[in-house]
Amino acid sequence: MCSPVNRSLYDAADSSESWIRYLDHIDDQVQEALFQMLRRALSFLVAPMNPQGCSVLLKVSLQLQETGSVFEPSVGVGLSNLLQTIISDIYSAAGLPPRISVSRQGTYQVSLQQSPDLSALEQEVMHQLLQVREEAERLSAGLDRYSYLWRSNRKEVMQEFLTYSRRLGPAELEVKVTPPTLKDFQREVESLHGVSRDVTHLDDVIVLRSWLQVDLRPFKDSLLSVIHDWRHLYTEYLLDSVSDSLQQLTQHGGGDEEAASSSSFPLAEAIVLLEAAGVQLPEHLSAQLQC
């Protein structure tokens with residue numbers, strides 16, 4: 001860069017002290033320019049992380065998996081690796097220009113990585129990441145109030161409900177068998193409807209510490225699907241009951257009070273409950289009701 005053209009212009013020898021000092025001076029200027037470039041780039045990362053920042057820097061989504069709610073990419077290792085890669089790429093720009101000084105060892109990148117000012121900015125980025133990770137963990141922990149929906153075994157819960165009309169507590173060992181009534185089914189269906197309404201009203205997007213945007217829609221969609229499966233468990237049982245009742249009425253020629261009452265639940269009330277739950281009777285059952 002400075003030689004051999006500049007050296008010939010100054011009529012300087014390679015080993016002369018004045019020429020070496022001149023190269024060191026130019027080297028200082030180049031390193032200072034690179035320092036300012038790196039400082040600006042790192043400041044670009046830090047600025048949105050300021051509590052008063054107003055722009056989203058990174059985005060993640062919240063997913064619902066078998067193990068629970070999971071950030072994608074993770075706000076721990078995932079974002080840390082991403083930010084470390086960005087910081088590494090910023091520093092690597094300083095390794096592109098060849099070193100001008102002949103008396104100094106290492107690249108500009110190596111020298112600038114030892115800069116206290118740049119290190120302070122780098123540490124601030126990682127500190128802000130730690131802060132946002134803690135906030136993200138609180139968000140995830142708050143949503144664990146729905147964890148019973150994806151952690152519970154639906155078949156086991158349903159069997160327990162059909163035996164005792166409710167879920168038993170861990171300390172309940174000997175409980176009287178009490179098959180559920182229609183009111184018990186109504187209670188469960190309405191409870192799930194309320195949970196579904198609450199989940200629907202969750203924010204689609206949340207911004208943590210002004211710079212990390214969390215997309216909750218994948219989590220919400222998956223959880224609503226789980227809730228639908230729970231509701232289907234109860235309504236499907238009632239549909240089967242209605243079907244059995246209609247079959248008994250048909251076999252007994254219709255209008256047989258004894259046949260209708262032999263079913264688990266009153267036919268008319270079961271149908272009303274299903275309709276209130278938004279469940280339409282299949283066409284073949286509707287046709288039987290018209291007969």
Side-chain angles (χ1 to χ4, degrees), residues 35 37-95 109-110 112-154 195-196 198-230:
F35 167 80
M37 180 187 70
L38 299 190
R39 186 178 65 82
R40 286 179 180 274
L42 291 173
S43 296
F44 176 80
L45 284 179
V46 173
M49 294 178 168
N50 188 291
Q52 285 73 43
C54 58
S55 60
V56 170
L57 179 63
L58 297 174
K59 299 179 181 180
V60 298
S61 65
L62 188 63
Q63 313 277 343
L64 179 56
Q65 300 179 1
E66 292 183 0
T67 55
S69 56
V70 176
F71 289 98
E72 188 64 39
S74 73
V75 292
V77 176
L79 285 189
S80 178
N81 288 343
L82 174 60
L83 288 172
Q84 290 284 11
T85 298
I86 293 173
I87 291 172
S88 177
D89 288 344
I90 290 173
Y91 275 111
S92 66
Q109 179 179 349
V110 171
L112 290 172
Q113 283 176 326
Q114 299 171 2
S115 165
D117 292 340
L118 297 181
S119 295
L121 288 171
E122 182 180 351
Q123 291 170 11
E124 178 62 19
V125 170
M126 304 316 293
H127 171 72
Q128 291 297 333
L129 174 60
L130 177 62
Q131 296 291 313
V132 85
R133 183 175 67 186
E134 292 174 352
E135 199 161 319
E137 289 172 350
R138 285 194 290 271
L139 171 63
S140 178
L143 294 172
D144 274 350
R145 63 185 180 274
Y146 302 113
S147 63
Y148 67 94
L149 291 166
W150 65 75
R151 289 178 180 166
S152 300
N153 184 299
R154 284 194 289 272
V195 175
S196 179
D198 291 344
V199 172
T200 301
H201 289 157
L202 290 173
D203 291 332
D204 287 341
V205 174
I206 295 177
V207 178
L208 303 179
R209 294 191 67 83
S210 79
W211 65 270
L212 181 64
Q213 179 175 298
V214 181
D215 185 357
L216 264 66
R217 286 171 293 189
F219 173 85
K220 289 174 59 177
D221 291 344
S222 296
L223 184 53
L224 287 172
S225 178
V226 171
I227 295 172
H228 175 271
D229 290 342
W230 276 102

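What you see is a predicted model; the values in this text were computed from it and never measured.
- Applying the side chain to side chain donor-acceptor pair (under 3.5 Å) rule to S196 yields no partners; only residues at least two apart in sequence or on another chain are considered.
- Nearest heavy-atom pair across V56 and Q213 is CG1-CB, 3.7 Å.
- In this view, Q113 and Y91, Q109 satisfy the side chain to side chain contact (heavy atoms under 4.5 Å, CB included) rule, not counting sequence neighbours.
- Heavy-atom minimum distance, I87 versus M126: CD1-SD, 4.4 Å.
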### Task
Would you check, one step at a time, whether the test side chain to side chain contact (heavy atoms under 4.5 Å, CB included) holds for L143 with L62?
CA-CA 11 Å; L143 294 172; L62 188 63; 3.4 Å; yes
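- Counting only residues at least two apart or in different chains, salt bridge (charged side-chain N to carboxylate O under 4.0 Å, His left out) contacts with residues 142-154 comprise R154-D229.
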Please tabulate, for side-chain N and O atoms in residues 214-227, each donor-acceptor pair with protein atoms closer than 3.5 Å (sequence neighbours left out).
from: D215; atom 1: OD1; to: R217; atom 2: N; distance (Å): 3.0
from: D215; atom 1: OD1; to: R217; atom 2: NE; distance (Å): 2.9
from: D215; atom 1: OD2; to: R217; atom 2: NH2; distance (Å): 3.2
from: K220; atom 1: NZ; to: T200; atom 2: O; distance (Å): 3.1
from: K220; atom 1: NZ; to: L202; atom 2: O; distance (Å): 2.7
from: K220; atom 1: NZ; to: D204; atom 2: OD1; distance (Å): 2.7
from: S222; atom 1: OG; to: P218; atom 2: O; distance (Å): 3.1

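- Considering only residues two or more places apart in sequence or on other chains, S88 meets the side chain to side chain donor-acceptor pair (under 3.5 Å) condition with none of them.
- Atoms CE and NE2, from M49 and H127 in turn, are 11.0 Å apart once rounded to the nearest 0.5 Å.
- Pairs engaging residues 57-77 under the salt bridge (charged side-chain N to carboxylate O under 4.0 Å, His left out) rule: none recorded [sequence neighbours left out].
- By the side chain to side chain contact (heavy atoms under 4.5 Å, CB included) test, L82 pairs with L58, L79, I86, sequence neighbours left out.
- Under a 3.5 Å cut-off, the side chain of S140 and the backbone N or O of E137 do not form any donor-acceptor pair.
- Closest of all the heavy-atom pairs between P48 and S210 is O-OG, 3.3 Å.
- Take R138 and apply the side chain to side chain contact (heavy atoms under 4.5 Å, CB included) test, not counting sequence neighbours, and it matches E134, E135.
- In this structure, R39 has no salt bridge (charged side-chain N to carboxylate O under 4.0 Å, His left out) partners at least two apart in sequence or on a different chain.
- Rounded to the nearest 0.5 angstrom, D89 CG and Q84 CD are separated by 11.5 Å.
- Contact annotation: the side chain of I90 never approaches that of F44 to less than 4.5 Å [non-hydrogen atoms, C-beta and beyond].
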### Query
Between L64 and Y146, does a side chain to side chain contact (heavy atoms under 4.5 Å, CB included) hold up when you go through it step by step?
CA-CA 11 Å; L64 179 56; Y146 302 113; over 6 Å; no
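- Note: L57 CG to L129 CG = 10.5 Å, rounded to the nearest 0.5 Å.
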Kindly list each side-chain donor-acceptor pair under 3.5 angstrom involving residues 115-124, sequence neighbours excluded, with atom names and distances?
from: S115; atom 1: OG; to: D117; atom 2: N; distance (Å): 3.4
from: S115; atom 1: OG; to: L118; atom 2: N; distance (Å): 3.4
from: S119; atom 1: OG; to: S115; atom 2: O; distance (Å): 3.0
from: E124; atom 1: OE2; to: Q128; atom 2: NE2; distance (Å): 2.8

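- Remark: T67 pairs with Q65, V70 by the side chain to side chain contact (heavy atoms under 4.5 Å, CB included) rule, at least two apart or across chains.
- Between W230 and L149, the shortest heavy-atom distance links the atoms NE1-O, 2.9 Å.
- The side chain to side chain donor-acceptor pair (under 3.5 Å) search around S152 returns R167, not counting sequence neighbours.
- Of the inter-residue distances, the one linking Q131 atom CD with L212 atom CG reads 13.0 Å to the nearest 0.5 angstrom.
- Among all heavy-atom pairs drawn from A94 and L38, the shortest one is CB-CD1, 4.0 Å.
- Atoms CG and CG, on L208 and L139 in that order, are 6.0 Å from each other to the nearest 0.5 Å.
- To the nearest 0.5 Å, atom CZ of residue F71 and atom OG of residue S61 are 9.5 Å apart.
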